[in-house]
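Just so it is clear: chains get the letters A, B, ... in the order the sequence lines come, proteins before strands, and each one is counted from 1.
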Amino acid sequence: MSGGGCSSIVWFRRDLRIEDNPALTAGVRAGAVVAVFIWAPEEEGQYYPGRVSRWWLKNSLAHLDSSLRNLGTPLITKRSTDTLSSLFEVVKSTGATQLFFNHLYDPLSLVRDHRAKEVLTAQGITVRSFNADLLYEPWDVNDAHGRPFTTFAAFWERCLSMPYDPESPLLPPKRIIPGDASRCPSDTLLFEDELEKASNALLARAWSPGWSNANKALTTFINGPLIEYSKNRRKADSATTSLLSPHLHFGELSVKKVFHLVRIKQVLWANEGNKAGEESVNLFLKSIGLREYSRYISFNHPYSHERPLLGHLKFFPWVVNEGYFKAWRQGRTGYPLVDAGMRELWATGWLHDRIRVVVSSFFVKVLQLPWRWGMKYFWDTLLDADLESDALGWQYISGSLPDGREIDRIDNPQFEGYKFDPNGEYVRRWLPELSRLPTEWIHHPWNAPESVLQAAGIELGSNYPLPIVGIDAAKNRLLEALSKMWQQEAASRAAMENGTEEGLGDSSESVPAAFPQDTRMEETHEPVRNNPLPIARRYQDQMVPSITSSLLRVEEEETSSDLRNSAEESSRAEVPVTANAQQNAGVALNERMLQTTNRNTQTQYNTTMDLRNVADDSAVESSSGTRRERDGGLVPVWSPPASSYSEQFVGDENGITSSSSYLQRHPQSHQMLNWKQLPQTG
Amino acid sequence: MEGNNLPHNMPTWSSRKLVTSQSPASFSLEPNEKQKLKNNTQECKSPNTNDKAKDPEEGHSENIGKVDGVEEITGRERLKRLREEVTMDKVNIPENWGQEPKLKDWMDYTMFDAFFPHTLIVTARDALIANAREAKSPRLY
């Protein structure tokens, strides 16, 4: 390629930085550069960017433009309803011969980028794209059989043991030769309306978008809270988190740069014998890993932000109640920890990841509102709103992931309040009407004596609400809903087999063909969900990938499968879903009988699990002996192996000597571990 | 081992310099913030003094740390301060969010299919993989 006359378009999207930007580097090396950003929010459909995202984007673009001008070229901004036509117009008006951009992995972007390549290549333009958003490309991280992973632990283990490290971050250009943009003026972009300005003004008092501010935030975190990250993760006070996720979402900060700087710190601490620091880095890197996994899941299952990944969730009878939604949104559910969280969210655009779990879990399980409503609200209010990460989080909470939370789990905000806000400061800050309530009652005011309420100036049902739904009632309702879900799922399956619902049948048939991985995921889940040993499943899913190498993991899974499944179940589990359509009537009938049996079993174990929940309510910290005894009573064969896994898990993951109190807590702790590392606050 | 660490530290220093060079632009964009930062500078002198005592051997990082210390505290401190200021009054969340009319739409799975035939997604995804694999050496731009 010749110099001088040639110019390239560098198309900025969510890579709003000048360092470690492969597309920009390629453009600079090719000659003259025209930097362009195209704003076509209507193309995002339901995911039209939310208020706080638009505020951040406006400021980040201004920052980027300033940086680019310092290097020699402005950022051309275009307002459009059709990105492709605008891109084409920019190419023509500048005489560019090349287009460079960095990958995005959400479905809409995949399609848009593909079309751009097709159309421009047909016009003789060279189009090249690069990875600037992930440590590894999704198609490079596969299991021993070349297939995508379906659980985070296995995926992350593979990332950490890839034969090559993530690429080192690139340095920024020294100078940029500007292309001829004289016939390509920028459009003025509007990101907020008058109604939004007041709320947005608050944001500016706390947040500083822009890539160089992102670097400051990273340096602050690495030299400050990182060393104690593992110790302080539980605190609702966000001073201990990285606060990097908005910068990562908009691409102001390179994830590779984060990885390398953090690893350098880890090596330093390891050399000093600082185990806590070393462990903190591992824990923080897992949050980066969850972000990586969110793109991986979206890439391999493009429907993950719209459809539950596990098919049966499609039949869950969500409660369609806008009054519930409003109470949740306004922080008026009567549960102080939930309400405090929702008010902080609105006021600051930020929520500690633990509180995100609390409010989203309450939304989905206690109120049983449709998870996508909650996801859309987070989309509008979170500074670090991110399609792939948020879809992963809400699917996890809803029970839609094979390694997510158990579908029948309900957390009690009262108990979680005393875990994450033990002295009640958080609740008192965001719920001033409860500020004079003693700590003893701060997380469950409905139990406080009338005299205490009077002294605190609280009138339940008046200046602070009574609980919108009792937890016990919510648990009963959830069990009923699950029972209904399984019934509808069975009915739907039967209808498809009988050919009664052709439309549904068509849809069902096309999905497996298009997404074999999805099919495999469902197969993986089905036997696990229906086997009579849910406790063992939980242990196995959570721990095995962490304690064995890849090959050993495969062996272990096979062994577990043999032990866990009866001959019949094993036989059924091995039948591919796509093959089911070809089974004869007899086999189909047999399957239906098996399913009925499994559902009955499921119902029985639901009852048992409900009893365990009651026990947990009455004694927050039930004794290890009691738990083991109950477990032993339920599954005597599994007691030793579960214990064995448990001990190995403790040793391997935390370097903590096994103890009764830890063993008793660790399954739940592990579940929390999965979520608390979500990239939103990574 | 220290020798090995130095080369790794260079990018960090380079990065910090870049940060420093950008600061004036940030200041000029928001005059009010500039004054606030001055106040922060005064308030933060004591902590920096402590840092000096702890790291007498690293003159360069000491100077850089001083500047970074002032600026680095700002982001986290500002969030903390915002929390404290906002909660002086009760947080008022509007009666209407504005998106309520869409809640019913967000129940309907078929909208996504209409918007986005899955064959297009698969084609686009496979094309990206194929292109990336053709360009086996991503570093050779």
Side-chain angles (χ1 to χ4, degrees), chain A residues 22 25-26 29 45-46 66-67 103 107-108 110-111 113-114 129-131 137 139 167 171-172 202 205-208 212-213 215-217 219-220 238-239 243 261 264 268 271 299 302-303 306-307 320 322 325 329-331 343 346-348 350 370 372-373 376-377 380 429-430 432-433 510 514, chain B residues 1 5 8-9 11-12 14-16 18-19 22-23 25-26 29 68 71-76 78-87 90-91 93 95 97 99-100 102-107 109 111-113 115-116 118-125 127-129 131-133 135 138-139 141:
Chain A
T25 299
R29 292 193 179 192
Q46 293 184 17
S66 173
S67 303
H103 299 155
L108 189 150
L110 285 174
V111 172
D113 293 357
H114 178 58
S129 60
F130 309 90
N131 172 17
E137 293 285 27
W139 50 84
E167 292 170 351
L171 295 176
L202 277 182
R205 293 162 62 183
W207 298 96
S208 302
S212 58
N213 292 316
N215 277 318
K216 285 190 236 172
T219 304
T220 299
S238 298
L243 303 179
L261 291 190
I264 289 168
L268 174 68
N271 290 338
F299 186 79
Y303 291 158
E306 288 294 329
R307 296 173 182 274
V320 181
E322 293 190 26
F325 179 70
R329 170 173 70 75
Q330 288 191 308
R343 295 187 195 186
W346 180 264
T348 69
W350 183 261
R372 288 186 300 147
W373 287 10
K376 298 285 202 288
Y377 186 75
D380 196 53
R429 170 182 296 138
W430 295 106
E433 60 266 49
S510 63
Chain B
M1 195 60 69
N5 284 337
H8 290 299
N9 286 335
T12 303
S14 176
S15 169
R16 289 185 183 180
L18 286 174
V19 170
Q22 290 299 319
S23 297
S26 299
L29 286 175
D68 285 349
E71 292 166 358
E72 287 163 15
I73 288 175
T74 302
R76 203 166 287 264
R78 288 171 68 206
L79 179 59
K80 181 181 176 183
R81 198 167 299 140
L82 172 62
R83 282 205 190 89
E84 290 165 356
E85 290 174 1
V86 166
T87 53
K90 181 176 174 180
V91 176
I93 300 175
E95 285 298 301
W97 172 32
Q99 311 271 350
E100 280 82 4
K102 298 179 182 174
L103 291 177
K104 288 294 196 291
D105 288 344
W106 294 339
M107 296 289 298
Y109 289 111
M111 277 187 62
F112 182 73
D113 288 340
F115 193 60
F116 244 156
H118 64 81
T119 50
L120 283 183
I121 301 174
V122 176
T123 300
R125 186 182 66 181
L128 179 59
I129 298 176
N131 285 333
R133 283 183 170 156
R139 281 310 213 198
Y141 300 110

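Counting only distance, with no hydrogens or angles, the side chain of B:Arg133 and the backbone of A:Trp139 share a donor-acceptor pair below 3.5 Å.
Remark: A:Glu433 engages A:Arg343, B:Lys90 in a salt bridge (Lys or Arg N to Asp or Glu O under 4.0 Å) (not counting sequence neighbours). Residues that satisfy the side-chain hydrogen bond (donor to acceptor under 3.5 Å, both in side chains) test with A:Gln330, not counting sequence neighbours, are B:Glu95.
Atom OG1 of B:Thr123 is separated from atom CG of A:Leu110 by 11.0 Å, given to the nearest 0.5 angstrom. Here CD of B:Glu100 is found 6.5 Å from CZ of A:Phe325. Values are rounded to the nearest 0.5 Å. In this structure, the separation between NZ on A:Lys376 and CG on B:Leu103 is 10.0 Å, given to the nearest 0.5 Å. Taking NE2 of A:His103 as the start and CG of B:Asn131 as the end, the distance is 8.0 Å to the nearest 0.5 Å.
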Item to complete: In sequence, state the C-alpha distance, the side-chain angles, and the governing distance for A:Asp113 and B:Leu128, and then conclude on side-chain contact (heavy atoms from CB on, under 4.5 Å).
Response: CA-CA 9 Å; A:Asp113 293 357; B:Leu128 179 59; over 6 Å; no

Discussion item. Before you tell me yes or no, could you show the steps for A:Glu137 and B:Ile129 under side-chain contact (heavy atoms from CB on, under 4.5 Å), namely the whole-Å CA-CA distance, both residues' side-chain angles and the distance that decides it to 0.1 Å?
Written reply: CA-CA 9 Å; A:Glu137 293 285 27; B:Ile129 298 176; over 6 Å; no

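Across every non-hydrogen atom of A:Pro107 and B:Ile121, the tightest pair is CB-CD1, 3.9 Å. Nearest heavy-atom pair across A:Pro302 and B:Arg125 is CD-NH1, 4.0 Å.
The contact between A:Tyr377 and chain B is made by backbone and side chain atoms together, counting heavy-atom distances below 4.5 Å.
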